[in-house]
Amino acid sequence: MQLEQAYRLYESMLTIRLVEETLVQEYPAQQIRTPVHLYVGQEAIAAGISLHLSDSDYVVSNHRSHGHSIAKGLDLGSFFKELYGKSGGCSSGWGGSMHLCDMDKGIAGTSAIVAGGIPIGAGLALKQQYNAEANITVIYFGDGAVDEGVFWETVNFTGLKKLPILFVQEDNGYASQTPSSQRHAYKNILPIVERFGLMTAELDGNDPLAVAATMGELIQKIRMGQGPGFVRCHTFRWYGHVGVEDDTHTGYRNAADVLSWRNRCPIKAMEKHLLVVDPVAASKKMKATEEIIAEKIRCALQSAKEAEYALD
Amino acid sequence: MQLEQAYRLYESMLTIRLVEETLVQEYPAQQIRTPVHLYVGQEAIAAGISLHLSDSDYVVSNHRSHGHSIAKGLDLGSFFKELYGKSGGCSSGWGGSMHLCDMDKGIAGTSAIVAGGIPIGAGLALKQQYNAEANITVIYFGDGAVDEGVFWETVNFTGLKKLPILFVQEDNGYASQTPSSQRHAYKNILPIVERFGLMTAELDGNDPLAVAATMGELIQKIRMGQGPGFVRCHTFRWYGHVGVEDDTHTGYRNAADVLSWRNRCPIKAMEKHLLVVDPVAASKKMKATEEIIAEKIRCALQSAKEAEYALD
Amino acid sequence: MPWTKLAADQSACRLDETCQDAGAGRMISYGEAIREAIQQSMELDPQVLVLGEGIDAAGFLYDTTAGLSERYGTRRVIETPIAEAAMTGVVTGAAVAGLRPVLMHMRNDFLLVSADQIVNHIAHWQKIFPCPNGLPLVLRAIVARGWGSGAQHSQSFHAMFAGLDGLRVVMPFTPYDVKGMFLSAVASPDPVLFLEHRWLYGDKAVVPSEPYLVPLDSATVRAIGSDITIVGMSLSNRDVQKAVETLRQEHAISAEWIDLRSIQPLDMKSIIESVQKTGRLLIAENGPVTMGIGAEISAAVTEQCWTCLKSPVKRIGWKGSTVPAGTKLEEQFYPGVREIIDEVKRIATYGK
Amino acid sequence: MPWTKLAADQSACRLDETCQDAGAGRMISYGEAIREAIQQSMELDPQVLVLGEGIDAAGFLYDTTAGLSERYGTRRVIETPIAEAAMTGVVTGAAVAGLRPVLMHMRNDFLLVSADQIVNHIAHWQKIFPCPNGLPLVLRAIVARGWGSGAQHSQSFHAMFAGLDGLRVVMPFTPYDVKGMFLSAVASPDPVLFLEHRWLYGDKAVVPSEPYLVPLDSATVRAIGSDITIVGMSLSNRDVQKAVETLRQEHAISAEWIDLRSIQPLDMKSIIESVQKTGRLLIAENGPVTMGIGAEISAAVTEQCWTCLKSPVKRIGWKGSTVPAGTKLEEQFYPGVREIIDEVKRIATYGK
Ligand SMILES: Cc1ncc(C[n+]2csc(CCOP(=O)(O)OP(=O)(O)O)c2C)c(N)n1
Ligand SMILES: Cc1ncc(C[n+]2csc(CCOP(=O)(O)OP(=O)(O)O)c2C)c(N)n1
Ligand SMILES: [Mg+2]
Ligand SMILES: [Mg+2]
């Protein structure tokens, strides 16, 4: 990976992280009145993918949409405003955390119905194929969404029509508090979807370099019309399913697992990498990046707090 | 196969065939006022399966339900009455051809919504498992039903819970007039459902002996709790998708294919077999069987014609 | 944009209601009018594509899609798997991205398989997301009846989907309307549930051969009267029409007949105008009475026409929500011209 | 059969409405009452099993299923995949075969994913098939509101499913009712859509600790009055209750408050009896006004109480069918006590 790209990847992940840490801080004040599903821990996935996307590529997202949207370029001001229910929010205050959107950035929409956005993504891709664009659609979903029939219908249609879609399964092991093993008759979904004509890859979703590299190759193939792709990214969310609390105490995830995943922080991994490949400047550059991001967030947050409430 | 069993198989297939040929004859009189989806050509499947079922085993059927129900023991009188909309019909005249039922015979119901009956079958099996019965549920559906998401959801749930289900796909190559190749991203469904923990088999659905043998083994395994099964039976319907006409002229199926499948009549195959294994008596026995069936149908049809219309 | 041009042309040459009764002109059937409308919409706008089960296979959805794939290719005429939920999502996404897809269902009963996409997604999308392209999609579905089609193939879901602000629902009755409203549905930036009735396919009338638009949000008065207003919709209009004639000829009752056409939004203005004149209202539902669109009309009319109503608004419709298959059961289940006439007579003499 | 026994015991010792206001007794919350009802139904009848997403995982559906799997095992407490359509079919089949399954959804919005199973299958099954075991299944689902839950997590689908003869729909308001109606729902041979409201979970009242049944088809008068009838349902009762008090105290208007409880079938008898006395009716919908259950009530009451109605039946409810997420948008969207009072005052002075 080129240095410039590596820094962009770092910046993207860090932006998501700092935005969500801001949410964690601000949420108790009860001015962000919308259910938040934090992406913390999973940042490498959206960041690693978005590195290879332009505004003409679409993403469709689910309830855990902050990272997907921010990585794709959602303006932080309109993001915060949306979460504060303010005028100027990306969905005019109507959507809240679970319904982010910015068509100019290719963020086509977000469904809070599990798997609901998946076939919509196929429709976006159908238009790209119809117009013979070289653009693609990325569909984000969890290990839970594949339980739903509409996922399988979409996989079949996608394989049949060879739509330019990258299916991204963010496999954090749980749907809400229920582990995959209690929901899936199979261990690995990849050999199954392969049979529907999808190119597949399995990834450590916490390894930003691996994510960026594999996604880059796959996206390139999809763009060139070699068919749709499906990536299973193993990862872990640090916070509870919804809200800003650590929920380890509720017991459904084992504390040692939580710890071991926290120790595999994708941002730390990226920092380490940058320090190795750019030993002289990295430290300073990262600090500068962090400051810039923090400043952006401060402004965006401020603007959201000061904005008028969205009214009908 | 034992001779007695072979004759039962023959009788079962022939009953279905003669009943439906009766429908073909009577339909133009416009007294059977319900859309009929004929099973002619596919008889070996339901007959070969039902050989191994008792009244305590359930079947769930689809729009093409005559054969499934008759093989499972549906009384012909109540069958014809149902199709004539008469009182005494198995569904009290409310169901028509697409909604046959007889709980005493384990015919639990019939959905005319493609794949609609599939999860219901899983519920029947759940009860069998819950009560630790050695009974099983057979779910009949076509190559079209697997297009629907609810099929995949049910396969997953079945594999997960190891329900005592035999999934029977009657693959006649078409959903209405649309070939599988226009609907499926995959060529063979079996290696896919295998991954969900289903035992699988692929069969010539027009070979009654093969059907009976394979189904017998598989059903035995399912009864013994070795897990659910899925059989893909290649077959062909002789008539149009709905109604009593040959639709070869409409062109979606090639005339040579239609002819070659007609030449592979499962009942003819069974006759041939009986003549070989029981050369002395077969001819006479088969004739007697045919006469008995024909007489039963005559009576049943007569009773239906004479019955009062079902009223609210 | 071809559609703004069509709308503009139309306001110039004023092809409206009156035209269809003009007498002279080409007679085609409701089914043929649909086919022509689909074909013209595809001809007018390369962004229009059609999708569905059986639309590019023998049968061609009662011939309404015959010839399309030869003309426009399988790129624009997409035979689909039997996967209504996903395909509904697909047309939603395609419309979000700027295409004008039309998804076709042989029976409106199958819409239920995709209810999550319709109710939770389509009907909210434009309200919660900025949609630079609108959400120009059409769900075309056929309501059927009779021949023992029974519980799962004879329902009419116009009312079930009538409470969603973000989804237009229309039920054209005439060949003229079915063509003009289909073109309007495709032209519309909003999603439209387009409900045809199988029993109307053979009805013939004068239909202009050029493309034209009929509004998606307006009822139309099909017979002028002064004693009572009768609202019909889709097939129920047929019985209403006959009843109106008999009432005039044999009972000296002058009934005003309104064809609802649009279920969502309701054209309350037209209904109220009529009721203000007649003081009496009967709604002939093409579906079960309970929770039918007649309930909403009755409630709204009663609120708004309280002082001019001479008798309570009445509703007539199917006996229940499960349609039986048996011949006589069917006969008992559906009201007919007779029942409408009887009801009108009761209403007309109410309190007298 | 444990359920016939319970019904018999009950008619003996007559545990009815009055009991809950008795004052003395154990106070528990609506949520606790649900939990107790579920547990007691499982205790009473080994054929009862519960299924759902998150019912056997941390959270336990707002604690309503906590402890069940320890007590009854995972054979009877089935954590399911996120596959509402299939799981609805599964409970249908299980009920056909004689079990009494309860399928649980955290939000009633998710019911739409299974609409085909509910509408095309469950609601017709007993009508078209002889069902020796009836179809004893319960779909338990929670209606939510607020905190920006927005378009897909704040809907109330009671009215959308209210037109199906083969499906009972109930919306209990009090801790007493939610327990008794849950037990009745499980006892019922018919399928029941059991809609709870998340905002009621904290409400506390006296609830008997033994199992008891509350009918599934009857509304209840919660305050006696003479000037106007106000029908509430589920959460909207809360505003109605406050409005009724204020009206009495500050406006000298005596309102009769009916808690609808059952959406399908409607207890028209109770409503009509009340309207015959008051001559005025307002329905406070817990949902959008258009095509709400209020439309059906209004139409039916107007037909049946024409001569005793002093003013047109009115409805109050949400501003539309898409619920916004933003705080102030939410505030604008839902009517409150104030709006009910204003509407009642308008009705009470109507025509004066
Ligand atoms: C149709 C539907 N069923 C249930 C839910 C409730 N729900 C919200 S998120 C979620 C779990 C999703 O898990 P997964 O897809 O793995 O995503 P993650 O939250 O782990 O990122 C569930 C069950 C829903 N929103 N929609
Ligand atoms: C949900 C739904 N979509 C569409 C239909 C219309 N339809 C009835 S039968 C059928 C084809 C079924 O094909 P298959 O499953 O292969 O069964 P076959 O008729 O070949 O036996 C279709 C599409 C339906 N009944 N239900
Ligand atoms: Mg997950
Ligand atoms: Mg087939």
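Numbers restart at 1 for each chain; the letters A, B, ... are given by sequence-line order, proteins then strands.
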Engineer: So which residue, C/Ala86, C/Pro101, C/Cys131, ends up with the most heavy-atom pairs under 4.5 Å with chain A?
Structural biologist: C/Ala86
Engineer: Would you please go through residues 185-193 of chain C and name the residues with a non-hydrogen atom below 4.5 Å from one of chain A, in numerical order?
Structural biologist: none
Engineer: Examine whether an atom of C/Ile122 lies under 4.5 Å from a heavy atom of chain A, and if so say whether it belongs to the side chain, the backbone or both; otherwise answer neither.
Structural biologist: neither
Engineer: Scan chain C against chain A and return every donor-acceptor pair whose distance is under 3.5 Å.
Structural biologist:
{"unit_1": "C/Pro46", "atom_1": "O", "unit_2": "A/Tyr130", "atom_2": "OH", "d": "2.4"}
{"unit_1": "C/Arg75", "atom_1": "NE", "unit_2": "A/Tyr130", "atom_2": "O", "d": "3.4"}
{"unit_1": "C/Arg75", "atom_1": "NH2", "unit_2": "A/Tyr130", "atom_2": "O", "d": "2.8"}
{"unit_1": "C/Arg76", "atom_1": "NE", "unit_2": "A/Tyr130", "atom_2": "OH", "d": "3.2"}
{"unit_1": "C/Ala86", "atom_1": "N", "unit_2": "A/Glu153", "atom_2": "OE1", "d": "2.9"}
{"unit_1": "C/Val90", "atom_1": "N", "unit_2": "A/Pro119", "atom_2": "O", "d": "3.4"}
{"unit_1": "C/Ala94", "atom_1": "N", "unit_2": "A/Gly123", "atom_2": "O", "d": "3.4"}
{"unit_1": "C/Gln117", "atom_1": "NE2", "unit_2": "A/Gly116", "atom_2": "O", "d": "2.9"}
{"unit_1": "C/His121", "atom_1": "NE2", "unit_2": "A/Ser111", "atom_2": "OG", "d": "2.6"}

Engineer: Chain C: which of A/Ile113, A/Ile118, A/Val150 shares the most heavy-atom pairs with it under 4.5 Å?
Structural biologist: A/Ile113
Engineer: Among A/Gly117, A/Gly116, A/Ala122, A/Gly95, which has the most heavy-atom pairs under 4.5 Å with chain C?
Structural biologist: A/Gly116
Engineer: Which atoms of A/Leu160 come close to chain C, meaning under 4.5 Å heavy atom to heavy atom: side chain ones, backbone ones, both, or neither?
Structural biologist: side chain
Engineer: Taking atom CG of C/Leu49 and atom CG of A/Leu126, what is their separation to the nearest 0.5 Å?
Structural biologist: 6.0 Å
Engineer: Taking C/Ala95, C/Gly98, C/Pro81 one by one, which has the highest count of heavy-atom pairs under 4.5 Å against chain A?
Structural biologist: C/Pro81
Engineer: For C/Phe129 and A/Leu100, work out which heavy atoms get closest and say how close.
Structural biologist: CE2-O, 3.6 Å
